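Computed from a predicted structure; not experimentally measured.
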Amino acid sequence: MGTDSNKSWQMSGFGLSKLKPVTGEIPEPGPREILVRTRAVSLNYKDKMIVDGVLIPDLALPFVPTSDAVGEIVAVGGAVSRFKVGQRVLGQVIADWPDGDAPAVLHRHTLGSSLSGMLSQHVVFGEDAAVLAPASLGDIEAATLPIAALTAWFAMAEATKPVPGQTILIQGTGGVSLFALQFAAAFGLRAIVTSSSDEKLKRARDLGAWQTINYRTQPAWDEAARGLTDGLGVNHVLEMVGGDNARQSLNALAADGRLSVIGLLGAMEISFPILLFMRNRIIVQGLSVGHRRSFERMNQAIEALGIKPVIDKVYRFDEVPQAFGHLEKGAFGKIVIAMT
């Protein structure tokens with residue numbers, strides 16, 4: 001294999017202009033590693049933050065970014081027992097979290113950040129950092145699952161248990177948000193979706209949103225959410241923005257509500273009044289994807305429920321800069337790069 005070529009997109013520095021295509025050799029898997037021919041890669045906002053040097057400013061360069069991909073196993077190491085050649089797999093982003101409690105240092109072994117990423121025609125990673133892809137999804141759809149779907153699933157089905165009839169407020173219409181909306185509909189939850197676009201809100205209603213709020217025309221969206229729940233507040237908020245936005249999220253919550261902190265589109269910190277937090281007995285939980293066992297449970301549920309990921313646009317392998325540009329502008333669902 002070593003003499004065959006392997007095309008990748010590699011960072012030589014920070015900024016999209018420093019992300020360039022390179023050609024190298026196809027890597028060899030170690031004893032407990034698998035070699036995967038990638039078929040599709042999906043982008044997450046954290047990938048842009050890594051490329052820009054915001055998330056990991058001391059990242060060792062050169063570096064192949066992105067964490068989410070689906071592909072076919074083309075070779076296995078001599079000690080591999082979980083998989084065989086020909087199977088279609090997805091990478092488990094936090095590679096050393098198979099089940100139960102998270103590792104003490106959560107991002108020490110993470111695909112696309114501390115470990116080399118997936119934006120390559122062939123990738124090698126440990127067999128423990130892989131799960132079988134759902135047979136019900138094609139490659140473009142399956143590539144969207146490792147971060148966006150699993151984060152939504154972990155927030156709604158693992159960190160807590162869904163109670164039909166309860167209300168969840170979902171911020172935005174990106175990848176995590178739309179998976180959360182689809183899971184909410186499947187779980188019998190009443191989903192309120194916020195966005196600055198009436199067109200996107202209409203599409204969210206078509207996907208099963210119970211109510212929608214345009215936060216541009218209704219900047220007091222927290223009060224609007226309380227109004228939709230007869231003044232009681234919502235039971236669960238998926239916080240995607242950070243900063244002062246968390247104050248409104250807190251105000252939108254009912255007593256004994258849950259705030260799942262997922263995104264940092266607006267700021268790297270959150271801020272809210274302590275008294276309201278204490279008085280209403282709010283549970284605040286930070287989310288960082290999920291463990292491998294939850295990934296497997298989610299994939300089984302996706303097949304059983306017939307859930308199909310929402311794809312905004314598919315780019316070719318030579319259109320990676322355009323795909324990142326689209327990510328920066330915002331998407332309705334997921335942006336995917338077809339590797340072949």
Just jot down the side chain to side chain donor-acceptor pair (under 3.5 Å) partners of [X], sequence neighbours excluded, or say none.
X	result
R297	E158
T212	R205
R247	S271

Side-chain donor-acceptor contacts of residues 49-56 below 3.5 Å, not counting sequence neighbours, with atom names and distances?
from: D52; atom 1: OD2; to: K48; atom 2: NZ; distance (Å): 2.7

Would you say [X]'s side chain and [Y]'s backbone share a donor-acceptor pair under 3.5 angstrom?
X	Y	answer
Q182	L207	no
E141	G138	yes
R82	A130	yes

- request: Could you check Q171 against T194 for side chain to side chain donor-acceptor pair (under 3.5 Å), going step by step and ending with a plain yes or no?
  value: CA-CA 5 Å; Q171 298 174 356; T194 66; 5.7 Å; no
- request: Let me see the working for R293 and D99 under salt bridge (Lys or Arg N to Asp or Glu O under 4.0 Å), right down to the final yes or no.
  value: CA-CA 5 Å; R293 185 68 191 99; D99 201 352; 5.2 Å; no
- prompt: Applying the 4.5 Å side-chain criterion to the ILVMFWY set and letting contacts propagate, would V336 and Y315 be lumped into a single cluster?
  reply: no
Extract all donor-acceptor atom pairs below 3.5 Å that involve side chains of residues 8-24 and protein atoms in other chains or at least two apart in sequence.
from: S8; atom 1: OG; to: S120; atom 2: OG; distance (Å): 2.6
from: W9; atom 1: NE1; to: F317; atom 2: O; distance (Å): 2.8
from: S12; atom 1: OG; to: K18; atom 2: O; distance (Å): 3.4

Only distances under 3.5 Å count here; give the side-chain donor-acceptor pairs of residues 222-230 to other protein atoms, sequence neighbours excluded, each with its distance to 0.1 Å.
from: D222; atom 1: OD1; to: Q248; atom 2: NE2; distance (Å): 3.2
from: D222; atom 1: OD2; to: N251; atom 2: ND2; distance (Å): 2.9
from: E223; atom 1: OE2; to: N251; atom 2: ND2; distance (Å): 3.0
from: R226; atom 1: NH1; to: N251; atom 2: O; distance (Å): 2.6
from: R226; atom 1: NH1; to: L253; atom 2: O; distance (Å): 3.1
from: R226; atom 1: NH2; to: G231; atom 2: O; distance (Å): 3.0
from: R226; atom 1: NH2; to: L232; atom 2: O; distance (Å): 3.3
from: T229; atom 1: OG1; to: A225; atom 2: O; distance (Å): 3.1
from: T229; atom 1: OG1; to: R226; atom 2: O; distance (Å): 3.0
from: T229; atom 1: OG1; to: G233; atom 2: N; distance (Å): 2.9

task: Would you check, one step at a time, whether the test side chain to side chain donor-acceptor pair (under 3.5 Å) holds for Q92 with D128?
output: CA-CA 8 Å; Q92 159 67 14; D128 288 337; over 6 Å; no
field: Pair F183 and W153, ring centroids less than 6.0 Å apart
entry: yes
